[in-house]
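Structure first, then comments.
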Amino acid sequence: MSTLKAVRGTRDLLPSETALWNRIEATARAVFARYNFGEIRTPVFEDTALFARGVGEETDIVSKEMYTWEDRARAQSEKTQSLTLRPENTAGVVRAYIEHQLGETGQLQKLYYIGPQFRRERPQKGRYRQFSQIGAEVIGPTSAGSESPLRDAEVLEMLATLLDEMGITGWTLELNSVGSAADRARYNEALRAALAPVVDKMCVDCQRRAVTNPLRVLDCKVAADQPIIDTLPVISDSLDEASRVHFAAVTAALDAAGVAYTRNHRLVRGLDYYTRTTFEFTHGGLGAQNALLGGGRYDGLSEMLGGPRAPGIGFAMGEDRLVLTLQALEAAHAPKADAFIAPLGEGLNPAALALAKELRRAGLRVELGEGGFRLKKSFEAADKTARRIVIMGEDELQSGILTVKDFATGLQTKVPRAELAVFLSKPAGE
RNA sequence: GCGGCUAUAGUUCAGUGGCAGAACGCCUGUCUGUGGCACAGGAUGUCGAGGGUUCGAUCCCCUCUAGCCGCCCCA
């Protein structure tokens, strides 16, 4: 009989890894709080129509990557409903915004989320079928300033801060504007026209893209195609005046805030709802999946879902990819316990538990040994899991003065029990 | 969804058509209150799963599964 395993594209995160995940999430929550974002939690599955309308029927995500099923009808009269595990979270957030009439507050809504998303893709490094995204959305009625380029710049500045505080170095911000829906349609036509005479000289993928989705030709990585792509019209030439002014204001604010970016005329994002500002933060070392996060403005999404006009901007970062990047940067290290308590002899186990309780109450991370171990074994175990060992033998129990050895310095100290918690809360090596 | 590579001890990986190997890690002892070093000893595997060829398969063939890399796409 074969043993059961986690299904393809899913995985278990063991304590050696979850420490880093928690640190990333804690950093994100702290930064979001400073920018006055509040958390939203939407359901993991939604009506399939939400994604079909919100993300776009023609996108790969909707057309071939969703986990969709017909929910069973409970009565003869009840119709089945098509449900889908969320492949991304923006559509769900906007649905909630509409459903709870958050626009009626008249205030800008600043919402963040952290949670699993699901796409049925072929797994590889940095790409899983269940993956976690950390994202945020700024959305509201136009009167609340939701359309302002300052919002775009603020979100981008927040992301730069967030990555820095997580310890991710070496990222690049790539920025572009895809204009309004009308701009994009106009550009698509311009691209088609420009591609028509040259497409037969390009790679087979581009020949296909030229028909199905001309914007994708810009993403082509085939070296031989690059000279041709360089001759194609750029989207900035197709922007109307309003989009042009908007983008200029975004970059001006970024310059003022000292956020470095690269204008990437070829950055066109795959989801249908994006308008105007689009961006990606990328990082080397992630292989083919070099995008740490992506996002952009979606001024028409609420209306596409039947809601009021509610321009917005948001992003989603791949938490799994943040973890991979940090691990590669070796910024990740499993934290060691503050102390390992080593009772000498099983008879001292109860006293050791009492001491452990006392220290844990004081907020220390404590590993409790076992009196049956020889002291040598206690030392070996302690050295792997903690920064210091606290020896609790008969002498210590009688005198109330404990023996503490610091593994970093090798120094051994006698510490009165009453002062132990304070002593142990000092950084290791002091 | 497509193409390539891979799967052997806890981990990283050698290896052979005829009894399964190394390093590291782990356990024990030298050492009954002092770790990292050293020395001596020890345990561990359905050789990813299923089928086929063969006297005999971990090795050759097929199928499946999973991982990695690339494509597609994306976080």
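Numbered from 1 within each chain, the chains take letters A, B, ... in sequence-line order.
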Pick the [atom1] atom in [N] and in [M], then give their distance to the nearest Å.
N	M	atom1	result
B/rA7	B/rG15	C1'	15 Å
B/rG17	B/rC55	C1'	12 Å
B/rG70	B/rU11	P	24 Å
B/rG48	B/rC24	P	24 Å
B/rU58	B/rA49	C1'	14 Å
B/rA14	B/rC2	P	29 Å
B/rC72	B/rU65	P	24 Å
B/rU53	B/rG10	C1'	35 Å

_Centroid separation A/Phe32 to A/Tyr112 less than 6.0 Å_ =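 Yes, close enough.
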Value in whole Å for how far the [atom2] atom of [N] lies from [atom1] of [X]:
X	N	atom1	atom2	value
A/Asp406	B/rG36	CG	P	17 Å
A/Lys64	B/rC73	NZ	C1'	7 Å
A/Phe340	B/rU34	CZ	P	16 Å
A/Lys125	B/rU6	NZ	C1'	15 Å
A/Leu218	B/rC72	CG	P	13 Å
A/Glu65	B/rC2	CD	C1'	14 Å
A/Met66	B/rA75	CE	P	15 Å
A/Ile389	B/rG35	CD1	C1'	8 Å

_If the cut-off is 4.0 Å, is A/Gln124 near the phosphate of B/rG67, judged by side-chain N/O to OP1 or OP2?_
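Negative; the distance criterion is not met.
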Nearest to side-chain heavy atoms of [X], which nucleotide of [options]:
X	options	answer
A/Arg8	B/rG67, B/rA75, B/rU34	B/rG67
A/Asn290	B/rC74, B/rC27, B/rG35	B/rC74
A/Asp395	B/rU34, B/rG4, B/rG33	B/rG33
A/Phe379	B/rA75, B/rC73, B/rG35	B/rG35
A/Glu121	B/rC27, B/rG35, B/rA75	B/rA75
A/Lys376	B/rC69, B/rC31, B/rG1	B/rC31
A/Phe131	B/rG70, B/rA75, B/rC74	B/rA75
A/Lys384	B/rG36, B/rC26, B/rA75	B/rC26
A/Ala316	B/rC2, B/rG35, B/rA75	B/rA75
A/Thr403	B/rU34, B/rG36, B/rC74	B/rU34

*Taking atom types as modelled, is there a side-chain donor on A/Thr42 or A/Asn89 under 3.5 Å from an acceptor on the other?*
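The criterion, which ignores hydrogens and geometry beyond distance, is satisfied for A/Asn89 and A/Thr42.
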Pairing check on [N]: which nucleotide meets the Watson-Crick or G-U wobble criteria with it, both distances under 3.5 Å?
N	value
B/rU34	none
B/rC47	none
B/rA57	none
B/rC5	B/rG67
B/rA40	B/rU28
B/rA23	B/rU11

*First of A/Asp383 and A/Arg120 reached from the 5' end of RNA chain B, by closest nucleotide*: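 This one resolves to A/Arg120.
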*asked:* On RNA chain B, does the nearest nucleotide to A/Ile391 precede the nearest nucleotide to A/Gln133 from the 5' side, or the other way round? Give the residue.
replied: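 Here A/Ile391 is the residue nearer the 5' end.
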Checking all strands, does [X] fall into the base, sugar-phosphate, or nothing category for heavy-atom contacts under 4.0 angstrom?
X	result
A/Tyr128	base
A/Leu375	base
A/Gly345	nothing
A/Gly135	nothing

Is it the case that the side chain of [X] and the backbone of [Y] share a donor-acceptor pair, with hydrogens and angles ignored and the cut-off at 3.5 Å?
X	Y	value
A/Thr278	A/Tyr274	no
A/Asp12	A/Leu14	no
A/Arg321	A/Ala291	yes
A/Thr18	A/Trp21	no

Kindly say whether, by distance alone, the side chain of [X] makes a donor-acceptor pair under 3.5 Å with the base of [N]?
X	N	result
A/Arg321	B/rC74	yes
A/Glu396	B/rG33	yes
A/Arg374	B/rG35	no
A/Arg127	B/rC73	yes

_Would you say the base of B/rG36 stacks on A/Phe407 (centre-to-centre below 5.5 Å, plane angle below 30°)?_
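Check failed, A/Phe407 does not stack on base of B/rG36.
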_Chi class for B/rC26: syn within 90° of 0, otherwise anti_ =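 With its glycosidic angle more than 90° from zero, B/rC26 counts as anti.
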_salt bridge (charged side-chain N to carboxylate O under 4.0 Å, His left out) partner of A/Glu46, the single match among A/Arg86, A/Arg95, A/Arg53_ =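 Going through A/Arg86, A/Arg95, A/Arg53 one by one, the salt bridge (charged side-chain N to carboxylate O under 4.0 Å, His left out) with A/Glu46 is satisfied by A/Arg95 alone.
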_Does A/Glu39 form a salt bridge (charged side-chain N to carboxylate O under 4.0 Å, His left out) with A/Arg29? I'd like the steps, not just the answer._
CA-CA 9 Å; A/Glu39 184 179 5; A/Arg29 288 178 195 280; 2.9 Å; yes
_Using a strict threshold of under 4.0 Å (side-chain N to carboxylate O), is an ion pair present between A/Arg360 and A/Glu367?_
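Between A/Arg360 and A/Glu367 there is no salt bridge, as every charged N stays at least 4.0 Å from the carboxylate O atoms.
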